[in-house]
Amino acid sequence: MAITRFRQGDVTVTLTGDLEAFARRAVDAAAGETVRLMEGAANGVRSSAAGEWYRRVERETGKSGDIDVVTTIDVNRSEVRVSIGSTDERVVLAKKRNKDGTITGTTGKPVPVFVHSPGPGALAKVQVTHDEYWDAPKSLRSNYKPIPPNPKTGWKGDEGTGPYMWKVSPLAGDGKFLLGELVKAPMRRVVKQITPELGRSIAARINGGARG
């Protein structure tokens, strides 16, 4: 999803409709090709990150993996910025510490920073057969209360009753934070790749202005 924002001082407005079209024309007149290159790169990263996000985690919340590309027109700084990131605005409380390590209070931190893929030793609770459950080491067994066999379907177990046991998660991986791995790092790589083209675009703008 692409969003255009207008910022002046402490006021930020999300543009839509005719107002966005007007702002876009202004951007095109100033540095349109450069912005288009950056937005194209960010949209490519957004698409890839959105597709991979929930393949790396065990529980889907539906919000942290929603990625936006935001173009911000900042009047005070006379600049146009293209950014990309999760739309999840929730925060979690993290401990604030002094340099000596003593805790001074708490501070809000964006949730997506803490969303990460399972580590290499991550375990997941998996439903297994009755025999597999009782053959497993006791430390790997989850809670299990036998359910009488159903005459129509045979033996049946539901979560919370069993038989469930802990196994290495099929999603076990490097445990890296998803925002850094799927958004920030790919965006840095793609900007590096298009830097020569960005340079040519900026030079063309400067030379065109000098001739005019």
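These numbers were taken from a predicted model, which means no experiment stands behind them. In this chain, residues are counted from 1 in sequence order.
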What is the distance from atom [atom1] of [X] to atom [atom2] of [Y], rounded to the nearest 0.5 Å?
| X | Y | atom1 | atom2 | answer |
| --- | --- | --- | --- | --- |
| Thr129 | Asp135 | OG1 | CG | 8.0 Å |
| Asn43 | Arg36 | CG | CZ | 13.5 Å |
| Glu39 | Ile84 | CD | CD1 | 11.5 Å |
| Thr14 | Ile3 | OG1 | CD1 | 6.0 Å |
| Thr72 | Arg81 | OG1 | CZ | 5.5 Å |
| His116 | Leu179 | NE2 | CG | 13.0 Å |

Short side-chain donor-acceptor distance under 3.5 Å, Ser86 and Asp88 = no
For residues [X] and [Y], determine if any side-chain heavy atom of one lies less than 4.5 Å from a side-chain heavy atom of the other.
| X | Y | answer |
| --- | --- | --- |
| Val70 | Val82 | no |
| Met38 | Met187 | yes |
| Trp53 | Asp66 | no |

ask   = Do you know the tightest heavy-atom contact between Val190 and Ala41?
value = CG1-CB, 3.5 Å
query = Sub-3.5 Å donor-acceptor pair from the side chain of Asp174 to the main-chain atoms of Lys176, do we have one?
reply = yes
ask   = Is the CG atom of Asp18 crowded by more than 12 outside heavy atoms at less than 6.0 Å?
value = no
ask   = Can you name the side chain to side chain donor-acceptor pair (under 3.5 Å) partners of Glu181, sequence neighbours left out?
value = Arg56
message = Does Leu171 form a side chain to side chain contact (heavy atoms under 4.5 Å, CB included) with Ser117? I'd like the steps, not just the answer.
response = CA-CA 8 Å; Leu171 294 176; Ser117 60; over 6 Å; no
key: N-O pairing of Lys167 and Glu132 below 4.0 Å   = yes
request  = Considering only NZ, NE, NH1 and NH2 on the basic side and carboxylate oxygens on the acidic side, decide whether Arg55 and Glu52 come within less than 4.0 Å.
outcome  = yes
key: Transitive ILVMFWY side-chain link Phe177 to Leu182, under 4.5 Å   = no
query = Under a 4.5 Å side-chain heavy-atom rule over Ile, Leu, Val, Met, Phe, Trp and Tyr, are Phe114 and Val183 clustered together?
reply = yes
